[in-house]
Structure formats: structure tokens, C-alpha cells
Amino acid sequence: MIVCVAVVGHQNNPLYIQSFTDADDALKLHHIVHCSLDVIDERVNNPKKSGPTLNETFLGLLYPTENYKVYGYLTNTKVKFILVTTDLDVRDADVRNFFRRFHAAYVDAVSNPFHVPGKELHKPENFRIMLSFLHPRLQNAECREVKGKTIKTSVSEEISSIAAV
Amino acid sequence: MEPDVSIETSCMIRVAVLPIGEVPPSLMRDYLSMLHRHQTIPLSAISSFYTEHQKSPFSNQPWESGSLRFKFVLGGAPPSPWEDFQSNRKILAVIGICHCPSSPDLGFVLDCFNLACKSFSSSLVARCFAFCPSDSQLEDGKVIGDNLTLFPPADHETQEFHLQTMMQDIAASLLMEFEKWALKAESAGTILKTPLDSQSSLSSEEVIKAKKRRLGRAQKTIGDYCLLAGSPVDANAHYSTALELSRLTGDFFWLAGALEGSVCALLIDRMGQRDQVLEDEVRYRYSSVILHYRKSFIQEHAQRVSPITFELEATLKLARFLCRRELAKEVVELLTSAADGAKSLIDASDKLILYVEIARLYGTLGYQRKAAFFSRQVAQLYLQQENRLAAISAMQVLALTTKAYRVQSRASAPEKSVAKKETGLSHADNLKTLHQSVVSLFESQWSTLQMVVLREILLSAVRAGDPLTAWSAAARLLRSYYPLITPAGQNGLASALSNSAERLPSGTRCADPALPFIRLHSFPLHPSQMDIVKRNLARVDWWAGSAPSGPFIYTPFSKGETNNNSKQELIWTVGEPVQVLVELANPCGFDLRVDSIYLSVHSENFNAFPVTVNLPPNSSKVITLSGIPTSVGPVTIPGCTVHCFGVITEHLFKDVDNLLLGAMQGLVLSDPFRCCGSGKLKNVSVPNISVVPRLPLLVSRVVGGDGAIILHEGEIRDTCISLANAGTVPVEQAHISLSGKNQDSIISIAYETLKASLPLKPGAEVIIPVTLKAWQLGLMDADNAGKSASGSTVRHVKDGNSPTLLIHYSGPLTNPGDPQTTESVVPPGRRLVVPLQICVLQGLSFVKARLLSMEIPAHVGESLPKPVPVDNSSSEGAVGSHSKMDKLVKIDPFRGSWGLRFLELELSNPTDVVFDISVSVQLENSTKEDSFSIDQDAAECGYPKTRIDRDCSARVLIPLDHFKLPVLDESFFVKDNHADGANSGRSLSFSEKNTKAELNASIKNLISRIKVRWQSGRNSSGELNIKDAIQAALQTSVMDVLLPDPLTFGFRLLRNGLEPENHGSNEESSIHVLSSAPKSSVVAHDMTPMEVMVRNNTKDMIKMSLSITCRDVAGENCVEGAKATVLWAGVLSGITIEVPPLEEIKHSFSLYFLVPGEYTLAAAAVIDDPNDILRARARTNSPDEPIFCRGPPYHIRVVGNA
């Protein structure tokens, strides 16, 4: 099962992070996505010399961690797509195909004339709709959105409790 | 598990280092660092201390190349249950360190040391090093014995050498002990156990098993000692035996241990020659090590003890060995599996060590984010321990992660910013840092992670009791993530800040700014009163070409605009307060009190004045920060120093600029200024500011109030401007110039007064009179003024029509007060801008001008009328000196007003005051006839005043009879010719343009002599500027006004044959004229002898045929015809005469009036063969047309003789 997809800008700024789990592990997934940038950076900086991979956008399995596998994809504009999945035996072709469709959805989203390049993608609703092929649950992803916020609120609640100490 | 393990760990001799007695920590650190230099003791250096007691078991010891390695453990470590398994885990030696001055009793020290050594049962060698002993202690030391080594006070080098010898001694002793141990181990009886082996009483089966395994284990242990003794070849031999044996007995755990040892031996043997083959070998062997450790896992012991730690350690060892960029993938795999193994670790501290190691390895690999992730795991483990020391550790570990998460404290950031401040940045550097900061803005979007990290730092710092770190973390959290924190959370952070500050000493500085956000708003330029102008010594007008504000000398300042030019330079003056506007924003939901804020200047030549500000929630405020430059030099203002929440922080403008830049690009959560409702502001850059020495400072004031000077159009008034030197340096040079609109409204400036007062001492004042003349309002203005004529008076002040006085002034060239000013640097001058606030009200308005002619016939008297022109002296004589009082237009009855013209000006007064108009005409004094003119003052001919009431209009007549020229000559003919344009076809030698210009000049000359002055009230007076109007009125008939007729005719009564040829003597003649008035009547039925005078006004002889007519009241010719009532004697018509140029001739005749009454005499002439001049004057069109000249009519009154 896909637990998280993310779009990361060319300056390693997160553009879109969406998790699809019921458990309250958004923070963990954030960390996984964040850490996967290390691997992507490394792959980008030390590209394999062989010819056919020169224009390869699919980065393959970035690293397995705990119960997840992290796959990466790098567009020509250095925008990274990251996929976190719990499926342990995934065919590369499937992931490749997924990323191709994801890329198309991203291109559609940023083709919106009102989209500011480099800005977060959470705003355009249609991106979410475009991504709906991903996961049936994405269609009612509104609740996920709320969850993203709850992390932040819980932080500030804890802050108030620290202040009390 | 142990921290910092590597493959080579197996060959390190663990030495406990214990402080004995009191050792100050700093000294302890010194001693320890001295020890650390001797971590490797070459075998070659040991040989002198080494005595071979028996045959060494280390037969292949490399005495030339080998070495012993030490690992110093401060304070030692408790014995590990795995000591038998890996001998390097044992504490094999103890070194005590004693600082003699703090522990005088050496015996006591020795006791302590021995006591301490007891806890290290495995230790083979113990030495106590006592540093800095006194002489008496040296004496004692000799008695006490071997274990205590005294290091006599000496220089550092000697001590080092001494220590080296001692270490070599220890190494030799250890080597001998290892030999002993190795020999002993081969014999039976040594039982080697690990916690994996069953601890309970052995069953018979197990005893047999253990006996079988014993040999292999012994071999492995001997191998360990060989490694410790620095003999890898021996070790390898023993390990191979051990491998064989343990494989046979299925002792996988020891097998793995032996394998590990063999890899270490391999590496030591191949020291310094690492290649692919070796690496592959190590990789291969270690994978089997890991495999075997895993195999040795026994389910039944899983609750108590597990070899998993060894598996993980082996994994880490391999990872560390391979840890290179090229092998990143492999290392990552190893580390991932190690991290996965963490779950099966029982001991929390094992987990901690594992995570620390993983984080370190990721860090070495360049995977900063991974490293940060595991560091955070470490910190969380520390935080679980709930004690202060663990919290401190957590805090420190988290501080390491801040860089990867881009939330680091500015204190930990590299010190380049400091260097920047000192050196000043080049543009390229600036761009670079800007780029870096923008990149960091991009990465700073992982707000979820960043907030969590900062929160944990805050939590750990609070727990660790480190208020400064807590403050800094809370500040970073609040400043960067306020939009994501609920108001309650913001309040919590605010109280966390103030709680932390309470525990800090007052005046604590923190590198991380909290609130408010501060940006540069503007640098108010010098008020125009204080402009500084560079002085150009090469020129007299030293201010020229150096106006700082480009082409706009005045406007930019008067509007108070800021100039955002980046090249802009500001000049401040020592001792004169300056101001900088900054904008503060508090985007949080609590009241923010900034205890003090002032400009932070690093150049130390500026005294900044702090202010206190209160910022309500979600608000921004522009405040003025001021200060005084104290010495000459450049000033840089990187930001503000703020004392808020009890801590002093520096807020850099650059940071906020970057933040706003990021906000513009959508990289930052929100723009703090915008969310406070403050408008968008252009990026204000800090200009180059330099401070110049003290300068004089002039302050201007308009005497009689600073309000606008209200003038009516054309009004002339004197005003006084007072200039005072408010500076501390005298003004030595000053120059006044004009600028702005309507400069010609300033008629005169008493420049000499200013000159005379120089040098103007500090505090001195000079008053300069200035004469103003109000300008005409333009059409638009007049329109406006008309609308508001009765209303506001201050309307025109702001519109910038007023002229401006520019006063450039400067102090002495060298400033005696400032010794540091070199001669090459000339203190600049200053410019004082005195805007004259003149408000011009609409005054009299001119409606139209007309030229009127008037014909009043003259009476025929006994004398001829004065020859033209009637000059000033005659009019003077005629009216007498008292006539100045009432200057009415006098018409000589015997001359009439033939050719007299009036210029009628129609004026209206739309204002609410009364105007008195006086017209004066300046007479020309340069004609020939005026050569005897007496009085120059009288050359102005005035007329009575005309009063125009408000909202009334009036007509003013200006007589124009004094302008006739005496001679009609060629020059006028030419002018006339061209002015009319009638004869333009004629070829003339004169340039047309030239003549036209001459004509215009003469018209102007005429006009300029007419002045219309007005007076209103007691003290306002002026002049009406109606030249254009007059010119328009005169344009068409100027010829008639200016030019005389070619011929002048005059009549005279001849009485008693008297011929008074008296027009040479004016007085006589005038008296005669006055007195002869009653006699001039003619009696009917009497022969009246008369005379007609014809004067030729041209320069040519004129031949003409003259005729005289006499008409009665009805206009009938009464000389000819049937009903003639006048008889005559002499010739009256067809008189052919020639008049020489500029002369006159007379023709006498007599008339006999039959009927009394009024008669009119007129003379007329037809000119024969007229020349061009005459034709032109007569405006004839065809050359054949006769030229007919008619004289003015003369009245004659004939009375009855009854």
C-alpha cells in the first residue's frame, strides 16, 4: 500500500506531502521523505556514468527503512517525487508507471496559470483530484489535511506545557 | 555495546586513567592530552625496557615496524561480562594522575591509588604519575616506591619526554605481562566463558562440550593477546587454529570472534596498504562474522543476553571500515539493517550507543539528514531518562541536528558574518550570501520537522536548566513559525522566554533574535536646511557640480521623499543628531514590550539613543531611532540591538530583507509586516554613510513671521531674512543664489550685508533684506484666484511657485578642533535652502487698452503755436512748479489738441481692497530741443491718482502727446514702410529684420516710459505689468503717435504790424500767450491781418501749393461763393511756395469778417513732386496720387464791434 507521496522542489523544499495512513504517523513520514533527500542528493551528485541511465528520471529504490520502501523520481527540472510504500515486493515497472502518471499529474497542476513556481502545491485542489488515481482515499483527503494541521497544533500545545514547566 | 568501535579496536590496550586526589579539571585535561600523544608506542622504542624472561610466545613479533596501541579510558569502566571473549575489553593497565600541589601527602595519594586499582582486577600494570611535586615531595617520593612516578617541575618539552619514557616503560611491562599470560593460557585449566554459556551448573553433556570448545577459545584468546602485543602474524596463526577448532565444535560465537580478530590482524599486518583485494577480503570475512554472530543466537537465553550487540557492533565496524562516498549504498544498507536491529536491543543504553554510531556514520557519509534523524532518536532516548544530565546530552545532540534541519542558532553559525562586518562585503560576496540564504529559505519549509526539533531543544533545555538555550530555541520557534502556532502556544512561548530570562543575568546577549521583526524604513535625508555639499577647492563656486541629489535641487527634499538609490551616500556630521526610521512588527497575539531598541553600529563612532516601544498584538509601527555620530569615519548600520524578553539580541536588517524576499516568492510562511497590515515597502538598502567633521549650521528665519508673504500681483515689498549660525564652527564663506520658479520676482538681495558679516561666529545672526516683486498669476492661477478671491489667502503657498534662496556656506578649510582631519580632506560645505513662501493674490486686472484720439481746435492768437514737439520745459513753464500737485492734462488753447492721443486702459478690481492707480510717463530728454532742459526729476510727467474700489472697474487715460519726433526723416520712412507692409515690394538696402527690430525697440522704448503704479492701503504698492497690452493697443497706430506730419501749419494774428519773433525765449512767449488771450478776439468789420506759418519737418525741400480756407460754424466755406461773409486781401489759394528743409516760411494775408461768430481757419497744401518719404507717410498707394497735407483747424472768434 502506498502510504505517502511527496513532491519536493529543486531546492529541496517540500511542495506537497500527502500521507494515506490512518495512524498518526505523519511526522514519521515527513522524516522519511526528508531523509530520502540525502539519497537523492547523493544520486544526483554522483550519477552513474553509463549511457542509458543518463536521461533516466526514475531513481529506483532509494532505501528501505523499517517497514517501508522509498522510491524516488527526478524530473528534468530537479523536482523530486518520492513514494513511500509498505509493499515489500514491488515490481520496478509498476513504480515506474506510477511515477509517470504522477509526473503527468504534476505537470497538469503546475500548468495552472495561477500557480507560482516553487510554491506549495496544497492549494490547487485539482492536483489532488489529478492524483486520485493513486488512491481512492485521496478523494476524501480533506481529513488528512486536517491531520497535517493537528501536528502543528499539538506542537504548540506542548509548547504551552513547556512554558508551564 | 561500546561506542566508537572499529575493526582495529581489537588490538587496543585499554588503560584506565584515574585522577588521584584533587586535580583541577583544566590541568586534568592538559595531562590527558599529554597522554593521548602516546597512544601508539613503537615496539622499537620498548626494547630497552624489555627483558625476555622466558622464550616469548610472540615469535613473529615485528620489533622494527610493530607497535602497541593504547586506548585511554578516563575514569575506567566497570568490568564487562564479555571480557573473556574479547580481551581488549579488559582494563589492562591503570594510570593514576596526581597533581602534587593540591595533594601534599604522597603516601595518602599512593593509598588512594592502590585502592582505586583494586576495582580493576584485570589490570596488569598500575602506575601513578604525580606532576609538579615540591622539593620535599621529591624527597618523599624516593622512599615511597616504584608505583609512584614523580614528574619534577620542568618545561613542557621535558615533561613530555619524561612521560614518553614512562609510557614506554608501561608498554614494556604490559608486553612482558602479555607473554606471561599467553604462556599460561596454553596450559589447561583456564576456563573462558561468556554470558552466552549456561551460568547454571553444567550438565555432563555441556561439560564435555565445554572441554571440547576450551582449546579453540584458548587459541582465540591467545590470538587476542598477540594482537594486543602488536604481533599480527602470531595472532593470525592462533586465530586460524581457533577457527578450525570452533568450527569443529560448533562454537559459532567464538568462531565469529576469532574471525573478527583475524580481520583485525590482517589489517594491522597490512597497515597502510589498503587495496580492493583487502577490502573485498574484509567485506567477505565480516559478512561471515555477522552471519555467525546471528547463528549463535540461542533462543533460551534471549531474555537474558543476546549476541545481537556483537552482530550490530560487527555491522558498525564493517560500515565504518567501508564508510566512503563511493560505497554509500552498501554502507546505507548496513546501517539500515543495524537500525532495524535496534528494535531487538534490550538495553536502552545499547540502543543509544547504536543510534549515536549510526548517526556518526551517516554524518561521515554526508547524509546529513539521516544523521540528524538518528541524532534526534538519540536525543529522544536521552529525554526518556528524565534526569538533568541526560537532558543536557539531549540538548547538545539536538544542537547538532539543527544544521541539517536549518534551524541552527546564529551563535553556532560560522563566524563569517563577523568577518563581513569588519571587512565590508564586495558585491559578489553579497550575492553569494544572498543566494545561500535564499537556499536556506527553501529548505526551511520543512516546518513540521523544524518545529518538532526546536520544541525538543526547548524542552531539553528547560529540563537541563540551560536558560540561554531555552531562550534561543523559543525565540527561533516564535520568530520563524508564529503563523503555525496557536495564540495560546505563542503566549506559552512568550512566557517561556520571560521565564528563561528570569534565570539569566541581566544584560545577557543571545545570538538569535526573537521578536519584533525590524526592517529599515527609510533614512530621512537631511532637511533642506542642513544639506551637505562637497567642496570643490579648485573653483570659486565650490558648490558647483557637487549637488548630491542630481538635477533636482529642491523638489526631492521638499516632498520629503526617500531616495532609494543604492548608490546613495549619506553624510552625517559629528555632533549633529541623525535619525533613521525603522518599522517594527509584532505578528503574534500578545502585547510585546520592547524594553529598548537602538541602532547597532559596529564602527564605534556613533552614540545611539535607545527607545522603548510597546507593540499591541498583530501590529506594526514605524519608529524613529536617533543617535549622534561621534567621530569622523564611515558608519555601517547592520541592524538594531533590541532588549526584549529580558535578553539583548541583534536584529539584522539583512535577515528580514531575505525573509521578505522569501515571502515574495512564497517560500516563507508569511510576511510579518503584511500580516500586521503594514504596506509593501521597497527594499531599502543601507547607504554608505560617512561622518564628516563639525560644520557650521545656518538657520534661516523670515523676520516678521514664517507665514507666507501675501502679495498682490505686481506688489513690491521688502522682507528681511535672518540667518543665524547654530553650529559650532564659524561660517567663513557664503554665497546666495536663486532657484525655483519666478526667480525674477526677487529684485534685489543685500548680498553685501551677508559678505560684511563674515565670518559668522557660532551663535551670531545676520539680517539680509530682500526686495520682492510679486509675479503675475498665470491664466489658471487667475482663474482659481477669481473663484476664491474673497476667501483663503494661504492657498498658493504649497504650489511651489515661490522662488528659493540657495545659500551655500562653509566653515574654515581646516578644522582646528579635529586633529585627525588631514589636509587632503576638505570639510564639505553646506547648503541652506530658504524657500520664500510667497502667496500672490490676484490684484488689479487689466481688461483692455485702447488708443483714443481727440481733436480740439486751437484758437488763433497773436503768436504762433509752439513748434512741435512741445518740449518738457515749456510745459513746465506753462503749468508752473505747483502744477506737480494736480497734474491735469493741460491743453494750450492756442495750440489745440491736434494729434493728441490718449491711451485708455480699462482696469477692474476683483479684489477686496481699494487700489489707487497713478500713471506716470517718463519723458525723453535726449532731443535737441531739450538740451537746455533744467530739471531731470521733472522728466517724469505724472497724472492724478485714480481710485478703484473693490469690484469696480475704471479707465485710466494716458496722454501720448509728448512723443512726436521732431523730424520726419528717412529712417522713419523705412520703418514705416515695413511696419505697414504696404510697400514691402520695394527694394531697400536695409535688412528687413534689422529694421523690424529697430521699430520694435522704439515701440518698447515708448512703452517702457509708461508706468502704471498702484498703491493699496498704507504699505502695499506695486506696478501693473501691462506692457503687452499697451503694445497690442499701440501696434497699429504707432506711426501716428510717433511720427510728425511732414508739414506743420499755424496761424497768427498780426496786430499793429508787430511781429514777435520770440519763440526763442520761452518764458516771454508763454506769458504772452497767457496775457494775450483776451486780446485774441477779432472784431468784425475790421481788417484783420494774419499770417500762416508752414514748417517743413522733413529734410528735403518741399514745393507745394498752399491754400487757406475759412469756414463758419455751419461748415460752409465763407470765403468763396455767393454768400461769402468774409472778404480777404492777399492770396488765399494756390500759393506756390518752397519750404527749405526743417525751416518754416510765413505767408501773410488779411481777412475782413462781415458777420461776427465762430470761424475756422484751416491751411492745406498739395505737395508737388513728393518724394518717397512723403508718399510713405501719406500712405499712398500709387505714385501719381497727389499728396495732400491738411493742417489742424484754428478757431477764430469774431465779435461784433458794437
Side-chain angles (χ1 to χ4, degrees), chain A residues 6 8-17 26-43 45-46 48 60-70 115-121 123 147-165, chain B residues 325-326 328-329 332-333 336-337 339-340 343 362 365-374 376 404-405 438-449 451-452 454-455 458-459 461-463 470 474 477-478 481 484-499 665-667:
Chain A
V8 179
H10 74 120
Q11 297 280 15
N12 288 342
N13 49 322
L15 298 177
Y16 180 82
I17 298 184
L27 182 61
K28 190 165 96 187
L29 290 168
H30 267 76
H31 270 297
I32 289 173
V33 171
H34 186 243
C35 289
S36 67
L37 293 177
D38 274 336
V39 190
I40 293 177
D41 275 358
E42 199 243 309
R43 298 248 175 118
N45 294 333
N46 311 309
K48 292 198 181 92
L61 179 66
L62 297 179
Y63 70 107
T65 175
E66 298 178 54
N67 310 318
Y68 306 115
K69 281 188 157 185
V70 184
H115 172 72
V116 179
K119 237 181 173 173
E120 283 192 62
L121 279 165
K123 290 278 154 53
K147 194 158 281 169
K149 278 186 189 123
T150 52
I151 300 175
K152 287 161 189 172
T153 15
S154 68
V155 168
S156 53
E157 272 160 19
E158 281 183 52
I159 288 163
S160 356
S161 67
I162 295 165
V165 179
Chain B
R325 276 264 157 144
E326 303 85 79
K329 199 172 178 192
V332 169
E333 267 168 27
T336 311
S337 67
D340 285 342
K343 270 174 279 180
Y362 270 126
L365 207 57
Y367 282 22
Q368 296 305 331
R369 298 180 186 88
K370 275 272 185 193
F373 175 78
F374 282 102
R376 215 190 120 242
Y405 289 114
V438 168
V439 168
S440 71
L441 280 180
F442 274 110
E443 290 242 0
S444 69
Q445 290 191 305
W446 296 91
S447 49
T448 319
L449 308 182
M451 283 172 75
V452 168
L454 284 175
R455 178 181 60 82
L458 176 58
L459 186 70
V462 167
R463 209 182 276 174
L477 202 51
L478 191 56
Y481 306 103
L484 300 177
I485 302 173
T486 56
Q490 289 175 356
N491 272 325
L493 282 175
S495 49
L497 283 170
S498 26
N499 286 348
Q665 296 176 5
L667 302 176

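Just so it is clear: chains get the letters A, B, ... in the order the sequence lines come, proteins before strands, and each one is counted from 1.
To the nearest 0.5 Å, the span separating CD on Q368(B) from CG on D41(A) amounts to 10.5 Å. Separating the SG atom in C35(A) from the CZ atom in F374(B) is a distance of 7.5 Å, to the nearest 0.5 Å. Separation of atoms NE2 (H30(A)) and CZ (F373(B)) is listed at 13.5 Å; rounding is to 0.5 Å.
Side-chain contact annotation: R369(B) with H31(A), donor-acceptor N/O pair under 3.5 Å absent.
Contact check on D38(A) versus K370(B) returns no salt bridge, with no Lys/Arg side-chain nitrogen under 4.0 Å from an Asp/Glu carboxylate oxygen.
Contact annotation for V39(A): both backbone and side-chain heavy atoms come within less than 4.5 Å of a heavy atom of chain B.
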